[in-house]
Participant: 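Have a look at this one.
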Amino acid sequence: MSSPVRVRFAPSPTGNLHVGGARTALFNWLFARHHGGVFILRIEDTDLERSQEAYTRAILDGLRWLGLDWDEGPEVGGPHGPYFQTQREGLYREAVERLLREGKLYHCFCTAETLETMRQDQAERKVAIKYDGRCRALGRAEVERRIATGEKFVLRLRCPEGESVEWEDLTKGRLSFTSDLLDDLVVVKSDGMPTYNFAVVVDDVGMKITHVIRGEDHISNTPKQILLYRAMEAPLPRFAHIPMILGKDRARLSKRHGATSVIEYEKMGFDPEAFRNYLALLGWAPEDHTQELLSREELFARFTLDRVSSHGAIFDLDKLTWMNAEYIKRFSPATLLARLRPWLAQIPGFPGGFDDAALAKMAGLYRERVKTYNEILTMADWFFIEPATFDAKGLEKAAKIGGARALLAKLIDRLQTAGEFTEGPLEGLVRSFAEAEGRKFGDVVHLCRLGLSGRTATPGLFEVMAVLGRERTLARLGRFLTSCPA
RNA sequence: GGCCCCAUGGUGUAACCGGCUAACACGCAGCCCUCUCAAGGCUGAGAGCGCGGGUUCGAGUCCCGCUGGGGCUACCA
């Protein structure tokens with residue numbers, strides 16, 4: 001409440017937006033919105049080997065799909081840019097020069113091979129594996145000479161000994177490490193690029209980040225970063241480490257558990273709001289946890305870090321699917337139609353002469369039947385593609401009632417003279433027709449359903465007829481006559 | 001190996017600073033409704049809170065140990 005809250009989501013463009021990353025972004029976003037603070041997006045692309053621009057776009061698209069808008073970052077800019085680490089080299093260089101001047105860094109000429117044998121040796125002796133500091137004591141003259149000969153080097157931070165590094169984590173409580181276990185960490189790589197831990201700290205300081213909210217896999221990076229804050233004499237932000245998202249086997253969520261990137265869920269037909277709502281509840285619960293369906297505003301109002309749980313959460317597709325269905329059920333037919341359109345457009349016959357009113361009515365019929373948008377493809381395609389074949393079980397049942405074809409012919413006649421072609425009157429008509437014919441209402445209904453859709457399961461028959469309209473209904477039933485059991 | 005984090009039904013969570021038949025939701029089973037499928041309504045099974053010790057009149061909640069799971073241990077982020 002004193003200084004304005006500034007948080008950030010800092011993905012590396014080495015892949016699509018992952019559900020774990022999305023959840024971290026979400027918690028940062030909710031925290032910022034709850035406090036009326038600033039949500040910053042920063043792209044950590046210092047790994048030149050693996051970073052790709054296409055992934056940056058994919059990540060931005062993923063965040064946009066989820067509705068997580070950032071106040072500073074790519075595309076929107078802001079007063080603390082640039083927001084790509086590769087464009088912040090000057091800032092890292094300045095920081096490095098200062099630390100170097102203050103004697104807090106030193107040159108290390110160790111090659112990958114010498115480090116490797118050092119580690120092997122340490123492993124054999126069963127001691128902590130860390131850089132032994134052999135280049136710490138190199139004299140100025142030797143350093144200059146070796147640089148002049150073109151020898152490759154990295155810059156390392158001098159790590160204090162026997163110090164306790166601790167902080168009050170907002171979700172985990174007091175955490176403490178001893179500096180003895182910490183390496184003299186590399187700050188600048190031999191290619192001149194800053195390392196992750198260093199760039200993060202320089203940027204978080206430069207961007208005036210007040211709260212670092214990230215996955216708990218970063219807990220062990222925190223003491224290293226705190227040492228960097230100290231070396232830079234910069235004020236420490238608050239840290240909050242949130243639990244990981246796991247697969248069914250409690251291992252970190254990965255491809256073998258199924259879909260891991262957010263766009264895959266979009267493709268599976270999940271609604272972004274439902275997905276976001278579900279994600280918010282993974283590792284967090286509001287004070288009144290009996291309400292699970294939470295709007296954006298409700299999430300903003302209720303989100304606090306002290307209610308974040310401290311253990312990993314298994315991603316449950318069933319519950320996500322349920323929640324998605326709950327959202328769909330609450331849409332108006334027109335809204336649902338709008339969401340469904342991209343999927344419906346994939347059906348070959350779409351829109352098949354239906355006007356928007358009819359389409360909206362049709363969408364409404366699936367509001368309580370479809371759990372994800374993509375299901376509409378297999379459930380409602382027959383509206384647009386007239387059935388050429390009919391469900392075998394359905395035909396069997398039709399055969400059992402006896403005289404189905406004649407019955408159908410009579411019904412067609414009767415429908416021809418029907419008045420209003422809407423569900424109420426149609427149902428009345430069929431009921432009295434069945435009674436007059438001495439037939440079971442259900443038998444007549446099932447026969448019609450089969451003829452109109454080729455299936456045994458559809459939304460209510462009379463609603464379906466109303467959507468199809470008189471012409472289509474009569475035409476389809478007429479053609480069904482030839483396939484209909486006598 | 002070392003360091004760190006975690007542990008409530010199958011899953012996500014709740015249970016305020018120790019005091020209830022351990023609650024809610026998903027999933028599951030049954031019943032009802034019904035033209036099918038859904039949706040909806042009702043009912044039910046499912047944890048004694050990882051295990052073992054303490055502390056206390058009383059512990060899922062505090063302490064210790066153990067076990068199990070996870071993370072980190074890079075010139076990757």
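Chain naming here is simple, since letters A, B, ... match the order of the sequence lines and numbering starts at 1 in each.
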Participant: Tell me every residue that passes salt bridge (charged side-chain N to carboxylate O under 4.0 Å, His left out) with Asp381(A), counting only those two or more places apart in sequence or in another chain.
Facilitator: Arg455(A)
Participant: What does the B/S/- profile of nucleotides 11-20 of chain B look like, 5' to 3', with a 4.0 Å heavy-atom cutoff to protein?
Facilitator: SBBSS-----
Participant: What is the distance, rounded to the nearest whole Å, between atom CG of Leu279(A) and atom C1' of C26(B)?
Facilitator: 16 Å
Participant: Once each nucleotide of nucleotides 31-49 of chain B is scored for protein heavy atoms under 4.0 Å, what B/S/- sequence comes out, 5' to 3'?
Facilitator: ----BBBBSS---------
Participant: If every non-hydrogen atom of Glu437(A) is compared with every non-hydrogen atom of Lys410(A), which pair is closest and at what distance?
Facilitator: OE1-NZ, 3.0 Å
Participant: Does NZ or CZ of Arg23(A) lie under 6.0 Å from the centre of the six-membered ring of Phe27(A), at an angle within 45° of the ring axis?
Facilitator: yes
Participant: Can you give me the N/O atom pairs linking the protein to nucleotides 3-5 of chain B at distances under 3.5 Å, or say none if there are none?
Facilitator:
{"unit_1": "C5(B)", "atom_1": "O2'", "unit_2": "Lys172(A)", "atom_2": "NZ", "d": "2.6"}
{"unit_1": "C5(B)", "atom_1": "O2'", "unit_2": "Glu216(A)", "atom_2": "OE1", "d": "3.2"}

Participant: Please report the distance separating the P of U55(B) from the corresponding atom of C64(B), rounded so that it comes out in whole Å.
Facilitator: 15 Å
Participant: Hey, where does RNA chain B pair up into stems, meaning at least three consecutive Watson-Crick or G-U pairs with distances under 3.5 Å?
Facilitator: B:1-7 with B:67-73, B:10-13 with B:23-26, B:28-32 with B:40-44, B:50-54 with B:62-66
Participant: Have a look at His218(A) and say if it touches a base, only the backbone sugar-phosphate, or nothing, with a 4.0 Å heavy-atom cut-off.
Facilitator: base
Participant: Under 6.0 Å between ring centres, would you say that holds for Phe315(A) and Tyr265(A)?
Facilitator: yes
Participant: Determine, for Phe153(A) and Arg146(A), whether the Lys NZ or Arg CZ falls below 6.0 Å from the six-membered ring centre while staying within 45 degrees of the axis.
Facilitator: no
Participant: Looking only at non-hydrogen atoms, find the nearest pair between Met268(A) and Thr372(A) and report the distance.
Facilitator: O-CB, 3.6 Å
Participant: Which atoms of nucleotides 73-76 of chain B (N or O only) lie under 3.5 Å from a protein N or O atom, and what are those distances?
Facilitator:
{"unit_1": "C75(B)", "atom_1": "OP1", "unit_2": "Arg119(A)", "atom_2": "NH2", "d": "3.4"}
{"unit_1": "C75(B)", "atom_1": "O2", "unit_2": "Ser190(A)", "atom_2": "N", "d": "2.7"}
{"unit_1": "C75(B)", "atom_1": "O2", "unit_2": "Ser190(A)", "atom_2": "OG", "d": "2.7"}
{"unit_1": "C75(B)", "atom_1": "N3", "unit_2": "Ser190(A)", "atom_2": "OG", "d": "3.0"}
{"unit_1": "C75(B)", "atom_1": "N4", "unit_2": "Cys110(A)", "atom_2": "O", "d": "3.3"}
{"unit_1": "C76(B)", "atom_1": "OP2", "unit_2": "Lys189(A)", "atom_2": "NZ", "d": "3.0"}
{"unit_1": "C76(B)", "atom_1": "O2'", "unit_2": "Asp47(A)", "atom_2": "OD2", "d": "2.7"}
{"unit_1": "C76(B)", "atom_1": "O2'", "unit_2": "Arg50(A)", "atom_2": "NH2", "d": "3.2"}
{"unit_1": "C76(B)", "atom_1": "O2", "unit_2": "Arg50(A)", "atom_2": "NH2", "d": "3.2"}

Participant: Could you state the CD-P distance from Gln120(A) to G1(B), rounded to the nearest angstrom?
Facilitator: 18 Å
